[in-house]
2 protein chains.
Amino acid sequence: MTLRADAQRNLDRLLDVAGECFAEQGLDVSVDEIARRAGVGHGTVFRNFPSKDDLVIAVLNERIRELTQLALAARDEPDAWEGFAGFFRHVSLLYAENLALIEGLERCAGTPEKGELGRAVEQLVQRAQRAGALRRDVTAEDVMMLVPTAARYPEIVLDGLHVA
Amino acid sequence: MTLRADAQRNLDRLLDVAGECFAEQGLDVSVDEIARRAGVGHGTVFRNFPSKDDLVIAVLNERIRELTQLALAARDEPDAWEGFAGFFRHVSLLYAENLALIEGLERCAGTPEKGELGRAVEQLVQRAQRAGALRRDVTAEDVMMLVPTAARYPEIVLDGLHVA
DNA sequence: CGGTAAGCGGACTAGCCAGTCCGCTTAGGG
DNA sequence: CCCTAAGCGGACTGGCTAGTCCGCTTACCG
């Protein structure tokens, strides 16, 4: 079962615009505003996503998949600490320019996307710990919790995480 | 011009209850709920505070004055780094159990209370820096920005701030 | 103890929100 | 090109919010 061409265009545009709105203004933007900026009626939003929450989760899951790709790439860096630190810096930047990540990531607990991200970051953390470069008393979850602050001060937090 | 005894009781109770509500649930609690928990009608809230925002600021200013007292006490600690670190740990705890601080402190920019707090923290920071124990590239403002994350991981962030 | 103004609180308004529904439009297969 | 169902969007609902207002209550002064 495939969508009509115009419907598919609207859906794509909707996800793009919703991503921008949530990033700029946080998850409290009204569905009306998203629909207006996407050039559709808000009825169209609710046909594609039964509730606003479903739209939020769809957008966040896209962002989470991107984070997972970053983590997997960082795992392939030759130096374990540099791989970890590079990932941390990159994610900090993304958080700094995306309110949706700060406000909404915990809503995705339990989704398969969040699980994959968790596993990827865990590998990164364990590799850096085995190399003796990362404090042994932090978990992957701790690391992700530290990112929001780190968004403005990544080097200070990295210094606190580093074993010299 | 002094308040009638019952009116004064209501006002005190209102500030207490509002402080609790904002701490537990954040600044989005409705005025209705605060009034109900304080045992008054919500008309009474708006007689004391022209808008909800005025109530929020009144509550936050109380918290800020408490923080300022902590900073002034920390300045009198014999060891400059321990004074700073103790203040940082204490404030982290307060943030961890008070949503209002996380959500609302920036609203108080410009109030005299916020100015005093800024000056007190600045003294603390400069003393620790003169003692060679605190990174020279952070300002008092940076320190206060780091607290929210530090609420869960104060020792890691302190380690990042410390000069060994 | 009685008069009065300070104080009270709930009914009311206006605005915003998510979510529903249905008559109109139009894409696209035959 | 025409027919039809997929898709559209805006009018509508219901619930929640901050803020207003006024008739009733009660603290407290003389």
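Letters go in sequence order (proteins before strands), and every chain restarts at 1.
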Trainee: Nearest to the B/Lys52 side chain among C/dA27, C/dA18, D/dG19, which nucleotide is it?
Mentor: D/dG19
Trainee: Would the base of C/dG9 count as contacting B/Arg36 through its side chain, where contact means a donor and an acceptor less than 3.5 Å apart?
Mentor: no
Trainee: CG of A/Asp54 versus P of C/dA18: gap in Å, rounded?
Mentor: 13 Å
Trainee: Is there a side-chain polar atom (N or O) of B/Asn10 under 4.0 Å from OP1 or OP2 of C/dC8?
Mentor: yes
Trainee: Does B/Arg47 get its side chain close enough to the base of D/dG19, under 3.5 Å, for a donor-acceptor pair?
Mentor: no
Trainee: Among C/dA18, D/dG7, D/dT17, which nucleotide has an atom closest to any side-chain atom of B/Ser30?
Mentor: D/dT17
Trainee: In whole angstroms, how far is the P atom of D/dG7 from the CG atom of A/Asp12?
Mentor: 14 Å
Trainee: Between B/Asp32 and B/Asp6, which is nearer to the 5' end of DNA chain D once each is assigned its nearest nucleotide?
Mentor: B/Asp32
Trainee: Does a side-chain N or O of B/Arg4 approach OP1 or OP2 of D/dT26 to a distance below 4.0 Å, or not?
Mentor: no
Trainee: Counting heavy atoms from C-beta on, name the nucleotide in D/dT20, D/dG9, C/dG9 closest to the side chain of B/Val40.
Mentor: C/dG9
Trainee: Taking CD from B/Gln25 and P from D/dT17, how many angstroms apart are they, rounded to a whole number?
Mentor: 11 Å
Trainee: State which of C/dG19, D/dT20, C/dG9 makes the closest approach to the side chain of B/His42.
Mentor: D/dT20
